[in-house]
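Pasting a structure here, questions to come.
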Amino acid sequence: MSLDKISGSGYTSIHGIFLSCTKKAYGGQKYRQATARKHFGKVHRRIHCACSPFHETKVGSIGVLRTIARKEGHNLEQLMVTGKTEGKRPRGRSPTRRSDQIRSCLDIKIHDALHEAKDRSRWRIIVQQRLMQRGSHDPHALIVAALGTPRSNVGQSPGASSVVRATLEILVMWRKTVYLAAYVLGCTLLRAKSVQSTNQVKFLGAILDSKLTGQPHCEFVVSKCERNLNMLRCLGGVWWGAHPATLRSVYNAVIRSVLDFGTFFLDPGNVAGFRKLDLIQSRALRIVSGAMKSSPVNALQIECCDPPLNLRRQYLSDRFIFRIVQFHNHPLISKLEFLSKKVPSSHKPLPCLLKSFLKFKQLQAPTHSFQVLPLFGASYDSLLLSPVICFSLGIEKSDFNANENFNCNVNSKWPNWHQIYTDASKHSSGCVGVGVYHKQYNIVQKIKLPPESSVFTGECFGLLKALEYVLSFKLKKTVVFTDSLSALQSLAKFSLKLNPFFHVIFECKRKLLHCQSHNYLVSFCWVPSHCGISGNVKADSLANSATVTGDVYPYKNFGHDLAALPGICLHKSWNMCWEESGRIKGRFLYAIQSSVPRKPWFAKLSFGKTATSTIIRMRLGHNSLPVHLHKLVSFVFYYL
């Protein structure tokens, strides 16, 4: 209903009052008096209440008196005696009528009011006291009385927080006076109606209940996935339809994405609700694989390479935590730190987020953190920098004279240039070693990185150390050789297309910009590995020894390396579950597939739906052959 149509019924809008009072409080010097009178009249008409005994009070009258009291000369005398001035009559009500209103509202003579209005602060106090004594129910009058700031005194007006606080206090007082209940979320007032409480609310797509059991959200997810299952049924059956690899992609897009969203925040929750999600997964995998209904669920998950949902939720939580720990000012870190000290004595299962945080705390090496992403922390000139990189010298690994050909090409292309060789190495159960070798000065450097680091990070870190070496020794012309093609490709790629978490690459570009500002020429060149090039062999031996005896500064993890840990933890946990459950259920498949595969066997095969369904049923041991059908019949008769 429109506010103009229900004037006097007790219904009004806090939003309109709040906007009007804040506009009054922050009015500028260019806010003309005519606009003020028009604005106050419009607002007063909208919020006018018929039940108010003080409704005849017009704030415009007080504002006009405060303005004309500061005028000097003949015009003021004429205004008070004759009720008019020379010239065209102003818009609005006549001044004499306004003086009558002031007399009736404030119970003082007009001359005394003119005398008091010359002092702004005293005039505001008088108006406020008189309005409060009258018990006014007009919210706009109360607000203006308390917050009305003269246009010429804007610099002394209260701050935004004090204005908002005082406005809300007045609104609450006015609400209690006229017995109205405030519905804060809707910014409306409803007469004689209390705010209804609810046990659940939908926030960012996740339904949260009052006890955080997750039951309403699970029911919502199940109802949504039931409709999406019909897509799989239309695309393929047991002996017809799309290839299982295609059906698996559709399942990942329309069903598993729904099962993943927001569930790891609610785990552990209601067991019955999460069991319904497991049922949706098993039904979808049976449609994808064409397996029989009696097929064990754990074997179906192995066959389709889709992990159990509880492990999947933990994987999503790990990925989320390992990403936010890179920001040292993230608010969730301090809360998880506090929670980790309180819950170890609890007998209940830990939440997924807390388990992920405890995994992070178990890492021995510190994590490199930053306030903003490295992409946004880099300078604009370094992002536009394009390094000089040679990706081929015409040397193959099969060349018997690779070292001689390499030296000949280098001497002809970079004569009298300093040559620096870098390499990185990682053993199966050790740290990452980085080796840097300067050929002319015979200077070597060995750096040791944590076990969580990748070889790619080690190669990029070797390039960074080479650039730091150039700046330290002020080398005018330097060529850096490395056998890591991926590191050079990342360095040559446009900065905005890089992973924004690659701190080492952006730091290399910053060092390159520094070299360029000092007129140091630096080029990069790729060389094939393990082909007998003396400098590369020396750097490789340094990297191998650095895994044990390398410098441990800076011994820290980088964010893009931590992103790979959740997948490793998921695969390890799934293997342990399969080893335990495979001996009880799905023993036929466990005898064939004792470990969890990375991809399903049918991913790159072009068999039809009939052939793949037949092979899957034979691998699971649940098929239409007489041996298995005899087991089913015996099972049915046993329970009958």
Side-chain angles (χ1 to χ4, degrees), residues 221-222 225-226 228-261 263 274-316 566-567 569-582 584-624 628:
V221 170
V222 168
C225 290
E226 286 283 358
N228 295 341
L229 277 174
N230 295 329
M231 298 184 187
L232 293 178
R233 294 190 180 99
C234 294
L235 292 176
V238 178
W239 311 113
W240 62 274
H243 193 271
T246 305
L247 293 176
R248 182 173 176 269
S249 300
V250 176
Y251 158 75
N252 291 339
V254 301
I255 296 179
R256 197 177 72 176
S257 59
V258 180
L259 296 174
D260 290 343
F261 183 76
T263 52
F274 285 104
R275 191 179 293 118
K276 293 179 182 179
L277 302 184
D278 297 335
L279 181 61
I280 291 292
Q281 182 197 30
S282 62
R283 290 168 61 184
L285 294 182
R286 285 190 179 93
I287 297 174
V288 170
S289 60
M292 299 183 68
K293 290 186 177 181
S294 60
S295 302
V297 178
N298 59 344
L300 268 177
Q301 293 167 349
I302 294 293
E303 193 72 1
C304 297
C305 287
D306 194 62
L309 290 184
N310 60 331
L311 299 181
R312 174 78 181 174
R313 288 190 289 268
Q314 188 62 53
Y315 161 75
L316 295 174
C569 295
L570 172 64
H571 196 264
K572 182 178 179 181
S573 302
W574 194 9
N575 264 318
M576 294 175 59
C577 291
W578 176 235
E579 289 178 1
E580 295 176 1
S581 63
I584 303 172
K585 293 181 64 176
R587 289 177 293 180
F588 201 88
L589 181 63
Y590 183 77
I592 305 173
Q593 187 76 47
S594 59
S595 61
V596 178
R598 294 289 181 178
K599 292 182 180 180
W601 63 269
F602 52 79
K604 295 184 179 181
L605 297 179
S606 59
F607 294 158
K609 180 65 175 177
T610 304
T612 52
S613 297
T614 302
I615 297 175
I616 289 174
R617 289 188 172 198
M618 293 178 65
R619 285 169 56 89
L620 295 176
H622 289 249
N623 44 55
S624 299
H628 180 67

*asked:* I want to check something: taking the side chain as every heavy atom from C-beta on, are Leu309 and Phe274 in contact at a cut-off of under 4.5 Å?
replied: no
*Can any side-chain N or O of Asn575 pair as donor or acceptor with the backbone N or O of Val596 at less than 3.5 Å?*
yes
*Side-chain contact, heavy-atom cut-off 4.5 Å: Leu570 with Gln314?*
no
For residues 238-246, run the donor-acceptor check on the side chains, cut-off 3.5 Å, and write out each pair with its distance to 0.1 Å, sequence neighbours left out.
from   : atom 1 : to     : atom 2 : distance (Å)
His243 : ND1    : Ala245 : N      : 3.1
His243 : NE2    : Leu605 : O      : 3.0
His243 : NE2    : Phe607 : O      : 3.3

*Which pair of non-hydrogen atoms, one from Ser289 and one from Cys304, has the smallest distance, and what is that distance?*
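Scanning both residues, the minimum pair turns out to be CB-SG, 4.0 Å.
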*Excluding sequence neighbours, so at least two apart, what forms side chain to side chain donor-acceptor pair (under 3.5 Å) with Arg286?*
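With sequence neighbours excluded, Arg286 shows a side chain to side chain donor-acceptor pair (under 3.5 Å) to no residue whatsoever.
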*Rounded to the nearest 0.5 Å, how far does CG of Leu229 lie from CD1 of Ile287?*
5.0 Å
*Just wondering, do Glu303 and Gln593 contact through their side chains at under 4.5 Å, heavy atoms?*
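The answer is no, as the side chains (C-beta and beyond) never meet within the 4.5 Å cut-off.
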_Listed partners of Asn298 passing side chain to side chain donor-acceptor pair (under 3.5 Å), at least two apart_ = Ser581
*Short question: side chain of Asn228, backbone of Val254 - any donor-acceptor pair under 3.5 Å?*
yes
*Indicate yes or no for a side-chain donor-acceptor contact from Arg248 to the backbone of Asp306 under 3.5 Å, with no hydrogens or angles considered.*
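Here the side-chain-to-backbone pair does not exist.
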*Would you say the side-chain atoms of Ser594 pair up with the backbone N or O of Tyr590, donor to acceptor, closer than 3.5 Å?*
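Between the backbone of Tyr590 and the side chain of Ser594 there is no qualifying donor-acceptor contact (under 3.5 Å).
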*Could you tell me which non-hydrogen atom of Leu620 sits nearest to which non-hydrogen atom of Ala291, and how far apart they are?*
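That closest heavy-atom pairing would be CD1-CB, 3.7 Å.
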*Closest approach of Ala284 and Ile255, non-hydrogen atoms and distance?*
CB-CD1, 4.2 Å
*Quick one: CZ on Arg617 to OG on Ser295, what's the gap to the nearest 0.5 Å?*
7.5 Å
*Working to the nearest 0.5 Å, report the span between CG of Asn623 and OG of Ser613.*
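Output value for this atom pair is 12.5 Å.
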*Are any of the side-chain heavy atoms of His622 and Lys293 separated by less than 4.5 Å?*
no
*Determine, for Glu226 against Arg283, whether the closest basic-nitrogen to carboxylate-oxygen distance falls under 4.0 angstrom.*
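Between Arg283 and Glu226 there is a salt bridge, with a charged N closer than 4.0 Å to a carboxylate O.
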*Within a strict 4.5 Å, meaning less than it, do heavy atoms of the Trp601 and Ile616 side chains meet?*
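In short, these two side chains touch, coming nearer than 4.5 Å.
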